[in-house]
There are 2 protein chains.
Amino acid sequence: MSETTARPLRADAERSVRAILEAAERVLSADPGASMEQIATAAGVARTTIHRRFAHRQALIEALASSAARQLAQAVEDGRPDTAPPLVALHRITANVLEVKGAWAFALGLPADPDSEAAAIHQDIGQRCITVLERARADKLVDEAADLHWVRRVYYALLGESLHGSPDDAGTDTDTLAARLIDTLLHGAGPRS
Amino acid sequence: MSETTARPLRADAERSVRAILEAAERVLSADPGASMEQIATAAGVARTTIHRRFAHRQALIEALASSAARQLAQAVEDGRPDTAPPLVALHRITANVLEVKGAWAFALGLPADPDSEAAAIHQDIGQRCITVLERARADKLVDEAADLHWVRRVYYALLGESLHGSPDDAGTDTDTLAARLIDTLLHGAGPRS
DNA sequence: CATAATTGCAACAGCAGCGATGCACTTATG
DNA sequence: CATAAGTGCATCGCTGCTGTTGCAATTATG
């Protein structure tokens, strides 16, 4: 909603922007205080090129946050949160989100200020999340008395935890992780009936 | 194990160190890249005083991590993880940890390098956590087939999430938060039988 | 192919933070 | 109370990052 006003970038320039954003994610996730120089090097680009596309350092950060938020929204959308059976949607969404969050952990963990594009997207995602949970509750998958906002927070927390990836789940595919996550979300660690 | 070799600090000096560590937690949790000057001001101390106690910036960070880790270990210990009934221990520990983690969120979120004092303490805490879970499993509170390492990760994630504190739980006492957390850990969000 | 966009490189000024030092003053401690 | 420890302040040199500019070379595009 902010960059779309400018005239279309040349094909190679667009590739540069992508490379910069990806490098920024990589470098900054390893060291949030990394210099523009480090990011530039990682992107295979001169530092001045970054400054041409992103005036300030913070402009780069915001673009990074927006880009990641958009991808996350897409990941949620692909799970058909409004039409697929709740359990199916929940599983698909979880698997998709795990992919995206794994690739853009830093960008998605960024503190978005309230009136940024990223913040709006995240709020929208949060709403869709609530919707899915309501549908799940209607199907008796979630307790009727449950506080859905708390459930969502737990869900988010489990997503975050699933990403840390202990040595055990190195190489475990996203579907398996999603299955465990949802099972834990719905049943916890207690004994099965 | 590292500072104890020096001769005891004068009473007022010790107070300064405390003030510096507390200020560092406050300031750095708001902005991880904050300057020594900002920390010093927040501590009501001259910047040079900080450098007298902590040679490098990183030395301050490590001391902060160690201090917080020790307090966390104490919080766990106070819950009698080895002797109290598992559910009681779990509740006490959770409430205690929520207090400490709330006050030292930044310091405890710090990436501790493997051979630091903090890392050793955290590993020890992790072990005690597993112990409590084993005792809980013996009491049929946790499913026999459960992967305790995953349960612990879920527990950690729930602790982290409980701290974020949505507007709703502003002012909610620690015991209530702990109760909800443990309930969720053991039963999840699914329907109650 | 002609043109305009894109880029690398080199260089610049500016700035903020770090870590150290010396000195005078205050304060805890035996 | 005498001493030693602790502190504030002013100051220094140094380093590293930022953001900008100009120019020449390359490359996509109609």
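Naming: A, B, ... by sequence-line order, numbering from 1 per chain. The structure presented is a predicted model; accordingly, all values stated were derived computationally and were not measured.
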Worksheet item: What about B:Arg47: does its side chain form a donor-acceptor pair under 3.5 Å with the base of D:dG8?
Response: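 For B:Arg47, whose side chain was compared with the base of D:dG8, there is no donor-acceptor pair (under 3.5 Å).
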Separation of [X] atom [atom1] from [N] atom [atom2], in whole Å?
X: A:Glu14; N: D:dT27; atom1: CD; atom2: C1'; result: 16 Å
X: B:Asp12; N: D:dA4; atom1: CG; atom2: P; result: 17 Å
X: A:Leu9; N: D:dT27; atom1: CG; atom2: P; result: 19 Å
X: A:Arg57; N: D:dT18; atom1: CZ; atom2: P; result: 5 Å
X: A:Phe54; N: D:dT18; atom1: CZ; atom2: C1'; result: 16 Å
X: B:His51; N: D:dG8; atom1: NE2; atom2: P; result: 14 Å

Side-chain heavy-atom pair [X], [Y] within 4.5 angstrom cut-off:
X: B:Ile93; Y: B:Pro81; answer: yes
X: A:Phe106; Y: A:Leu64; answer: yes
X: A:Arg137; Y: A:Val151; answer: no
X: B:Val76; Y: B:Val132; answer: no

Worksheet item: Which nucleotide of DNA chain C is the first, and which the last, in the 5' to 3' direction, to come under 4.0 Å of a heavy atom belonging to chain B?
Response: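 Range of nucleotides within reach of chain B: C:dG17 to C:dT29.
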Worksheet entry | D:dT7 phosphate, OP1 or OP2, under 4.0 Å from B:Arg53 side-chain N/O |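 True: B:Arg53 side-chain N/O within range (under 4.0 Å) of D:dT7 OP1/OP2.
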Discussion item. Is it the case that the side chains of A:Glu62 and A:Gln58 hold a donor-acceptor pair, with the cut-off being a distance below 3.5 Å and no angle test?
Written reply: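 The answer is yes; a qualifying pair exists.
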Worksheet entry | Side-chain donor-acceptor contact under 3.5 Å, B:Trp150 with A:Ser166 |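 Result is no, nothing qualifies.
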Worksheet item: Which part of the nucleic acid, if any, lies within contact of B:Gly33, taking any heavy atom under 4.0 Å across all strands shown: a base, the sugar-phosphate backbone alone, or nothing?
Response: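 The residue B:Gly33 makes no contact with any strand.
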Practice prompt. Remember a base hit wins even if backbone is also touched, and classify B:Arg52 as base, sugar-phosphate or nothing at under 4.0 Å, heavy atoms.
Written response: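 Counting heavy atoms under 4.0 Å across all strands, the contact made by B:Arg52 includes a base.
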Discussion item. For B:Ala11 and B:Met36, find the nucleotide of DNA chain C closest to each by heavy atoms; which residue's nucleotide sits nearer the 5' end?
Written reply: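 The residue whose closest nucleotide sits nearer the 5' end is B:Met36.
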Item to complete: Specify the residue among A:Arg10 and B:Ala55 whose closest nucleotide of DNA chain C lies further upstream toward the 5′ end.
Response: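 On the 5' side of the pair lies A:Arg10.
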Worksheet entry | Which nucleotide in D:dT18, D:dA10, D:dT21 has an atom nearest any side-chain atom of B:Thr48 |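 So the nucleotide nearest the side chain must be D:dA10.
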Discussion item. For B:Phe54 versus B:Ala63, what's the shortest heavy-atom pair and its separation?
Written reply: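 So the two residues come closest at CE2-CB, 3.5 Å.
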Item to complete: Enumerate the residues from residues 15-25 of chain A whose closest heavy atom to DNA chain D is under 4.0 Å, giving them by residue number; use none for an empty result.
Response: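 Within this stretch, nothing sits under 4.0 Å of the strand.
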Practice prompt. Walk me through it: do B:Asp175 and B:Arg92 pass the test salt bridge (Lys or Arg N to Asp or Glu O under 4.0 Å)?
Written response: CA-CA 8 Å; B:Asp175 277 318; B:Arg92 278 191 199 157; over 6 Å; no
Worksheet item: Can you check side chain to side chain contact (heavy atoms under 4.5 Å, CB included) on A:His91 and A:Thr94, steps first, answer last?
Response: CA-CA 5 Å; A:His91 184 92; A:Thr94 302; 5.8 Å; no
